[in-house]
Amino acid sequence: MKLSRIFPVLTAAALLILPSCFNDDDNTVDYSSWRTLNQKYIDSIETVMENGQYLYTKVSPSWDQSFSIFMRWHNDPDENPSFVTPLSTSTCHVKYTLTNIQGDTLDSSASFTCVPNNMVTGFMAAVTNMRVNDTVTAVIPYTAGYGAYGYGGVRPYSTLVFGIRLDSISKLM
């Protein structure tokens with residue numbers, strides 16, 4: 001009697017497990033075309049012009065000249081009355097939106113508190129090159145983002161496109 005109750009359960013379990021034994025164990029995904037597409041996007045950013053001027057400024061942080069990000073200010077930095085810029089260890093209050101090169105929103109926050117050196121390298125480079133009240137678009141190559149591994153909804157080799165507004169920097173106590 002007990003066997004007649006257990007048999008259907010064992011049969012169902014076997015039917016669920018057995019097909020997995022025949023699947024190809026190679027679960028690797030080829031990101032080479034995605035990587036190439038992201039590199040072409042970075043290459044195109046360097047050439048975008050409006051009124052004879054480049055829209056994006058190539059920024060290499062003073063603390064690491066081995067990489068660059070691209071920043072576009074949406075306000076005139078020369079007209080920004082604030083001369084306060086954060087250090088990599090400052091506590092910053094920002095608003096941001098993260099998209100990929102296809103415009104898909106991957107993350108956003110209307111109120112985010114961060115310490116730049118706890119973020120991806122490219123985000124730290126962007127924020128530490130901003131003044132309070134600046135609004136920028138920062139284009140970050142995968143090498144200064146999440147790299148070849150990705151993170152959460154960010155695929156490996158993804159160029160990160162951040163819209164960032166630096167609202168304030170906390171005062172030291």
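What you see is a predicted model, and the numbers here were worked out from it, not measured in a lab.
- Closest of all the heavy-atom pairs between M124 and N117 is SD-CA, 3.2 Å.
- When atom types are taken as modelled, the side chain of S90 and the backbone of C92 share no donor-acceptor pair closer than 3.5 angstrom.
- A side chain to side chain contact (heavy atoms under 4.5 Å, CB included) with I42 is found for one member of V139, T143, I140 and no other, namely V139.
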- [ ] Before giving the answer on side-chain contact (heavy atoms from CB on, under 4.5 Å), spell out for T99 and F162 the whole-Å C-alpha distance, their side-chain angles and the decisive distance to 0.1 Å.
- [x] CA-CA 6 Å; T99 62; F162 276 100; over 6 Å; no
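- Under the 4.5 Å side-chain heavy-atom criterion for Ile, Leu, Val, Met, Phe, Trp and Tyr, L166 and V115 are members of distinct hydrophobic clusters.
- None of S60, P61, P141 except one satisfies the side chain to side chain contact (heavy atoms under 4.5 Å, CB included) rule with S68; the exception is S60.
- Annotation for D167 and N133: closest pair O-OD1, 4.1 Å, computed over non-hydrogen atoms.
- S88 and T128 are not linked by any side-chain donor-acceptor pair at a separation below 3.5 angstrom, with hydrogens and angles left out of the test.
- Residues P86 and I169 approach most closely at N-CD1, 3.4 Å, considering heavy atoms.
- Side-chain polar atoms of W73 and T135 form no donor-acceptor pair below 3.5 angstrom.
- For R165 and D134, the salt-bridge test fails: no basic side-chain N is under 4.0 Å from an acidic carboxylate O.
- There is no side-chain donor-acceptor pair under 3.5 Å between R155 and Y31.
- Contact annotation: the side chain of Y142 never approaches that of L160 to less than 4.5 Å [non-hydrogen atoms, C-beta and beyond].
- In this pair, Y146 and Y151 present their aromatic rings parallel. The plane angle is below 30°, not in the 30 to 60° band.
- Judged purely by atom type and a 3.5 angstrom limit, N38 uses its side chain to pair as donor or acceptor with the backbone of T159.
- Remark: I45 CD1 to I69 CD1 distance equals 12.0 Å, nearest 0.5 Å.
- Of the possible polar contacts, none joining the T85 side chain to the M130 backbone as a donor-acceptor pair under 3.5 Å is found.
- I101 and V48 fall within a single hydrophobic cluster, where Ile, Leu, Val, Met, Phe, Trp and Tyr side chains are chained together by heavy-atom contacts under 4.5 Å.
- Heavy atoms from other residues, nucleotides or ligands lying under 6.0 Å from CD of Q65 number more than 12.
- Of the N and O atoms on the side chains of D43 and Q39, at least one donor lies less than 3.5 Å from an acceptor on the other residue.
- Pairing each heavy atom of W34 with each of P156, the nearest pair is CD1-O, 3.1 Å.
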Task: side-chain contact (heavy atoms from CB on, under 4.5 Å) assessment of R131 paired with V84 - done: CA-CA 5 Å; R131 295 179 188 171; V84 180; over 6 Å; no
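- If you chain together hydrophobic residues whose side chains sit under 4.5 Å apart, V127 and W63 fall into the same group.
- Atom OG1 of T57 is separated from atom CE of M71 by 8.0 Å, given to the nearest 0.5 angstrom.
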- [ ] Would you please test F67 and T121 for side-chain contact (heavy atoms from CB on, under 4.5 Å) and show each step?
- [x] CA-CA 10 Å; F67 74 93; T121 307; 3.3 Å; yes
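- For the residue pair H93 / S170, a side-chain donor-acceptor distance below 3.5 Å is found, with atom types taken as modelled.
- A donor-acceptor pair under 3.5 Å is formed between the side chain of S109 and the backbone N or O of S111.
- Within the 4.5 Å cutoff, side-chain heavy atoms of T97 are placed close to those of T105.
- Between the T36 side chain and the S32 main chain, a donor and an acceptor come within less than 3.5 Å of each other.
- The aromatic ring centroids of Y56 and F70 lie 6.0 Å or more from each other.
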Task: Intermediate values then yes/no, side-chain contact (heavy atoms from CB on, under 4.5 Å), I164 and F123 - done: CA-CA 9 Å; I164 306 169; F123 189 90; 3.7 Å; yes
